[in-house]
Amino acid sequence: MDNNKLKKLKGYHVVFLVQNSMVGLGLLSLPNQLSSMGYSQWWLPLMLGIIANLTLIPIIWLFLRYPQDNIFTLNEKMIGKVLGKALNLFLVMYLIIFIASIIEGYLDLIMIIALPDRTITTPLFIFFILLLYVVHGGIKSIARFCVMSFFLTVWMIYFLQWPIFEGDVRHLLPVSNFTLEEFLLATRNGYFAICGYELIMTYFPYIINQKKAFKNASIGIWITILIYTGVTIVSVMYFSEWQMEEVLYPILKLYKAVELSFAERIDVLGISLWVFLILSSAAAYLWVAKKGMDAFRSNNKTYHVYLISICIFIFINIPFSKDTQELIYDNLFYFKFAIILWPNFLILLHAVKSRRKQASS
Amino acid sequence: MNIRIIWLISCSLLLMGCASELKPSAVEDVALVSLIGIDYVDEEDMKVTLAIPQFSSSTEQTNQIYTTQAGMIKEAIVDLSSQADKEIKLNGLRVVLFNEEFATSGKMWEVVEHLYRNPVIGGNVFVVIVKDTAEGLLNGDYPDKPSIVTYMNALLKPKPHIMFSPFTTIHNFMYAHSNPVVDIMVPYLEHKESIVELSGIALFKHDKMEEVYSREEGQIIQMLSGVRKIPAATIPLSSNGEEREEVVIDFLNTEVDYSSNKDVDHPVLDITIKLKGSIYEYRGEKDLSKSSEYSKMEEEVRKFTEEQVEVIIDDLKEKGIDPVGLTENFRMYHHGEWTEEMDQRVLENMEYNLKVEMQILATGTLR
């Protein structure tokens, strides 16, 4: 194995790492999240994809200048040791809450749909063991897991043909039937599903061919965006506007339309296979949180990952009221967006620093 | 090595969770409801009848039928569980039957919405309307059929000759109910002695059932909805006294094309229907081997169909019911919210130009 080498991610690893850390829980409720735009929502994922690709540019630009650093070590370098460490701790806490929100959302879904007569503690345990197993192997193991889960789940798109037959193409028109407020709300809610590519800020030093990282990451982003666009178009065709607003997980209703002579309830199959997508994105986030912890403690210890898992586990089991939960999860978005825009600030610092260096020399 | 052993032990420890007190029910302890019948009692209550197939041959009856009166479905199931020998579950639901009175009372969508919300119920559950009572239909005696459950399942499977019926699923029902552009249509069943007949389609206006259309009328609505394969139709060409001339056309392919003038205030809709068919049976004087008489017949069939479609569209416009979604052709060019009132207004004011093209492809292997 190449555990001792730093650089271990090949081009296709980067593609699937980016792609799979984006598709998590977001896709399940995407048409519902965008529903404020009504039928005109179908092209919005394309626009979100362009935004994602644009925000990727400063990230890659910055890290090409610091090829040995990840976001946590770079924070310490740029804004000072104390401030950097504080920020890193904050980031780790944010990541813990975020992973908890992914896992909890998925397990709630499992409880509602697949296992209505059990509690979620046992599935939660099993999930964590798998998660730790994947993360244990390091970033390359996560990348391989991402490749695997992509091919294990992507064929589910085939099942969308039933709703296409039943749907009405005329729903796609008119293209721009929304107000500015509706548009902004949909963009805000929809962007949550697009996030995930910014994790490249942490595994960038592990990429073998860093010059091509931008291209590979962009391919990853656009695979996701194409899947998202396909799903939203099918949803727009299949549902009425009321249904898109009220049905929480439109994808499951799309799968319910499937008629096969030998199998029923394809939605249960779908939601069970979805565990791969959740595992791969949770694993990527958990690994990033571990790196953050490493940077905070200035050493590289395996038990950090267990420590974080325990924190996540505890956080999931804290009985928050529904209001608090919503408040926390809703505001996560702003952190997320701040993190994506953070490299721009670092670029500014970088420019100031290099100018000072030039001036002093 | 060490770590693997630890993993193995910790994983096997988890298997103990499988033996917890929360045992899921075994298959033999579950009664999967296949059909639900709902009859009108009064404003508050309904009569719920469940039909559950029996797979063991120890009893003579192939189904279990339970009936109770309740305000909601779940209430009825909890109530009936105290009579049933097994745990009642809705996972295997196939068809929900409503009686006509219940459908006209306007409460039907509440029940369908409840079923639509329930995650264990599949998406392809059919909704039908029964003329008298659903309880009577489910309790009926069908000596030459295996059981009412299999009979209903087989009856509602889309087949070429019954494509006049829309086969509304729970999703279709909720879709049409929540979409201002289309109105709901549901297959209409009649219980006659030892058979059940798909005798037409029931049309809704908003929440309430308004009309029952015959099979022939249902066929035209299906044609307008864009269903490609519709059943064969008997077309009377002329009848002067004793001598009737009629032809049975098997429609091979139907296509419908709409184009609107995009104007909500003065709506005009162009409807083009292209029909391709072959002659099944013919009774009359024409010599079909002559091309002039052949095309004359084509023209006569075309004209007859056009008149029929016109009658239906005028009738729908007059009643303000739109199961086809004709107004969708105006909505797709309209900016802003499309409300129920607007839809009604567009439908009322709508003028239309109908064009039917008929092509008879073959007359069979005999001249």
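The number of heavy atoms from other shown groups lying within 6.0 Å of CE (A:Met148) is above 12. Environment of CZ in A:Phe315: crowded, with over 12 heavy atoms of neighbouring residues, nucleotides or ligands closer than 6.0 Å. Other residues, nucleotides and ligands place more than 12 heavy atoms under 6.0 Å from the NZ atom of B:Lys229. Around the NZ atom of B:Lys159, the shell of radius 6.0 Å holds more than 12 heavy atoms that belong to other residues, nucleotides or ligands. The 12-atom threshold is exceeded at OH of A:Tyr303, counting heavy atoms of other residues, nucleotides or ligands nearer than 6.0 Å.
A donor-acceptor distance shorter than 3.5 angstrom exists from the side chain of B:Asn124 to the backbone of A:Val258, with no hydrogens or angles considered.
Using a 4.5 Å cut-off between heavy atoms, A:Tyr249 does not touch chain B at all. Of the two parts of A:Glu259, the backbone and the side chain both hold a non-hydrogen atom closer than 4.5 Å to a non-hydrogen atom of chain B.
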Tell me which donor-acceptor pairs under 3.5 Å the side chains of residues 162-169 of chain B have, and how far apart each pair is, sequence neighbours excluded?
| residue | atom | partner | partner atom | Å |
| --- | --- | --- | --- | --- |
| B:Thr168 | OG1 | B:Met185 | O | 2.5 |
| B:Thr169 | OG1 | B:His171 | N | 3.4 |
| B:Thr169 | OG1 | B:Asn172 | N | 3.2 |
| B:Thr169 | OG1 | B:Asn172 | OD1 | 3.0 |

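Side-chain contact between A:Glu166 and B:Tyr175: absent, with no pair of heavy atoms (C-beta onward) separated by less than 4.5 Å. Counting only heavy atoms from C-beta outward, the side chains of A:Leu173 and B:Tyr333 approach each other to under 4.5 Å. Put simply, the side chain of A:Asp168 reaches to within 4.5 Å of the side chain of B:Glu328, judged on heavy atoms.
A:Asp267 and B:Pro119 get closest at one heavy-atom pair: OD2-O, 4.4 Å. The two residues B:Tyr116 and A:Phe239 have their closest heavy-atom pair at OH-CE2, 4.0 Å.
Of the listed residues B:Asn118, B:Ile121, B:Val181, the one with more heavy-atom pairs under 4.5 angstrom with chain A than any other is B:Ile121. Of the residues considered (B:Met174, B:His334, B:Arg331), B:Arg331 shows the highest number of contacts with chain A, using heavy-atom pairs under 4.5 Å. Of all the listed residues (A:Gly38, A:Ala257, A:Pro174, A:Ser40), the one sharing the greatest number of non-hydrogen pairs under 4.5 Å with chain B is A:Pro174.
With rounding to the nearest 0.5 Å, the separation of CZ in B:Arg117 from CD in A:Glu246 is 8.5 Å.
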Quiz item: Step by step, would you call B:Asn179 with A:His171 a side chain to side chain contact (heavy atoms under 4.5 Å, CB included)?
Solution: CA-CA 11 Å; B:Asn179 193 341; A:His171 289 177; 4.1 Å; yes

